[in-house]
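Please read the structure below before turning to the comments.
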Amino acid sequence: MAVDTDLLRAYTDGGVYTHDRTTPGTITPPTNASTALAAGFLGVGAISSDGITEATSQDRTDVFIWQGNALARRIPGQFAKTWTFAAAETSLVTLGIQYPGSTLTRTAEGATLAEKPPVSDVRAWVLHGLDGTTRAQRIYLPKAEVTERGDIVWSSEEITVYEWTLSAYVDGSGVVAYRYYLDEDMKTP
């Protein structure tokens with residue numbers, strides 16, 4: 001098999017976006033990798049140098065048969081799709097995501113937050129990766145929420161980040177993620 005290094009991708013830039021779930025109305029989903037996102041999508045800002053990690057897990061039920069005690073089938077079971085990243089900015093957007101259900105108020109000197117136990121916070125998300133100026137991958141998650149939050153560290157050697165794991169849920173069409181690629185090598189002739 002021939003190797004084509006032009007097909008290697010390194011998404012080294014981009015952004016993570018969501019919307020304010022308390023704002024009434026619907027968010028217009030993206031339909032490609034290059035058009036600007038609709039009004040209402042808000043960037044979470046800088047992402048730590050670890051970038052975004054995508055993980056897929058699916059349980060399987062093994063079925064063995066008597067003859068030879070052999071594996072005859074692996075039946076697909078529970079499926080989960082997650083993305084983990086660390087937001088590196090402290091803003092009204094990141095605080096709203098970190099503390100869902102809490103009362104966050106902008107004030108003359110910054111903000112106040114009356115922290116409450118977190119509530120379910122299902123919303124749309126967009127993960128956008130750039131490889132140079134001519135290639136991009138955009139993943140639209142119509143229904144996802146932060147299901148894990150990492151420790152928040154105050155340190156003299158590191159910046160404070162908000163590490164989140166997004167879990168995607170199926171939409172009305174049974175889809176967990178819509179993927180769009182801006183890539184000359186995949187274009188229709």
Side-chain angles (χ1 to χ4, degrees), residues 11 14-33 35-48 50-61 75-107 110-129 137-154 159-180:
Y11 298 106
V16 176
Y17 306 87
T18 189
H19 60 91
D20 181 355
R21 69 177 189 86
T22 63
T23 302
T26 58
I27 202 81
T28 303
T31 57
N32 60 42
T35 304
L37 292 174
F41 276 106
L42 307 168
V44 300
I47 303 300
S48 74
D50 292 333
I52 300 169
T53 300
E54 179 178 338
T56 305
S57 67
Q58 184 171 27
D59 295 336
R60 298 276 179 166
T61 300
I75 299 171
Q78 297 176 341
F79 169 83
K81 192 76 172 177
T82 61
W83 288 264
T84 302
F85 60 94
E89 293 182 16
T90 299
S91 67
L92 295 175
V93 174
T94 56
L95 292 174
I97 295 166
Q98 180 68 25
Y99 304 103
S102 297
T103 304
L104 177 60
T105 307
R106 177 178 269 167
T107 67
T112 63
L113 188 118
E115 185 178 351
K116 298 177 183 175
V119 298
S120 183
D121 186 13
V122 179
R123 55 172 84 190
W125 290 80
V126 173
L127 310 170
H128 189 81
Q137 177 182 183
R138 181 176 283 171
I139 303 172
Y140 172 63
L141 310 173
K143 294 176 74 176
E145 76 175 312
V146 174
T147 53
E148 294 179 35
R149 290 173 174 80
D151 295 338
I152 299 171
V153 178
W154 298 8
I159 62 170
T160 299
V161 298
Y162 304 95
E163 184 178 334
W164 299 322
T165 297
L166 289 177
S167 293
Y169 306 132
V170 294
D171 68 4
S173 299
V175 176
V176 296
Y178 293 87
R179 296 171 181 271
Y180 304 100

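The first residue of the sequence shown is numbered 1, and numbering continues consecutively from there.
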**Report entry** Side-chain touch Y11/I52, heavy atoms, less than 4.5 angstrom
**Finding:** no
Query - E89 side-chain N/O to A46 backbone N/O, donor-acceptor pair under 3.5 Å - result: yes
Query raised in the report: Between CG of L92 and OG1 of T105, what distance do you get to the nearest 0.5 Å?
Result: 9.5 Å
Query raised in the report: With side chains defined as the heavy atoms from C-beta onward, is the minimum distance between Y17 and P30 less than 4.5 Å?
Result: no
Requested in this report: Decide whether T84 and T165 meet the rule of one side-chain donor and one side-chain acceptor closer than 3.5 Å.
Outcome: yes
Query raised in the report: Taking atom CD of Q58 as the centre, does the number of heavy atoms from other residues, nucleotides or ligands within less than 6.0 Å exceed 12?
Result: yes
Report summary line: In this structure, CZ of R106 is separated from OG1 of T112 (nearest 0.5 Å) by 12.0 Å
Query raised in the report: For the atom pair OH (Y140) and CG (D171), what is the distance rounded to the nearest 0.5 Å?
Result: 8.0 Å
Query raised in the report: At what distance, to the nearest 0.5 angstrom, does CG of D151 lie from OG1 of T160?
Result: 12.0 Å
Report task. Measure across D121 and E145 and return the closest heavy-atom pair with its distance rounded to 0.1 Å. Result -> N-OE1, 2.9 Å
**Report entry** Donor on one side chain, acceptor on other, T56 and K81, under 3.5 Å
**Finding:** yes
Query raised in the report: Do V170 and V175 come close enough that some side-chain heavy atom pair is under 4.5 Å?
Result: no
Query raised in the report: Do you know the tightest heavy-atom contact between D20 and L42?
Result: N-CD1, 4.0 Å
Requested in this report: Check F85 against G51 and note the closest heavy-atom contact, atom names and distance.
Outcome: CB-O, 3.6 Å
Requested in this report: State which residue, out of Y99, Y162, W164, fulfils the side chain to side chain contact (heavy atoms under 4.5 Å, CB included) condition with R149.
Outcome: W164
Query raised in the report: Considering all heavy atoms of both residues, which atom of P142 and which atom of V176 are nearest to each other, and what is their separation?
Result: CD-O, 3.7 Å
Query raised in the report: Which value, rounded to the nearest 0.5 Å, describes the distance between Q98 atom CD and E163 atom CD?
Result: 10.5 Å
Requested in this report: Identify the heavy atoms of A168 and A144 that sit nearest to each other, and give their distance.
Outcome: CA-CB, 4.0 Å
Query raised in the report: Looking only at atom types and distance, does a side-chain atom of T18 sit under 3.5 Å from a main-chain N or O of A124, one as donor and one as acceptor?
Result: yes
Query - Minimal non-hydrogen separation, G96 against R123, with atom names - result: O-NH2, 4.4 Å
Query raised in the report: Is there a donor-acceptor contact under 3.5 Å from the side chain of S102 to the main chain of K116?
Result: yes
Query raised in the report: Just how far is it from atom CD1 of I139 to atom OH of Y180, taken to the nearest 0.5 Å?
Result: 11.5 Å
Report task. Show your reasoning for whether side-chain contact (heavy atoms from CB on, under 4.5 Å) applies to V126 and V16. Result -> CA-CA 6 Å; V126 173; V16 176; over 6 Å; no
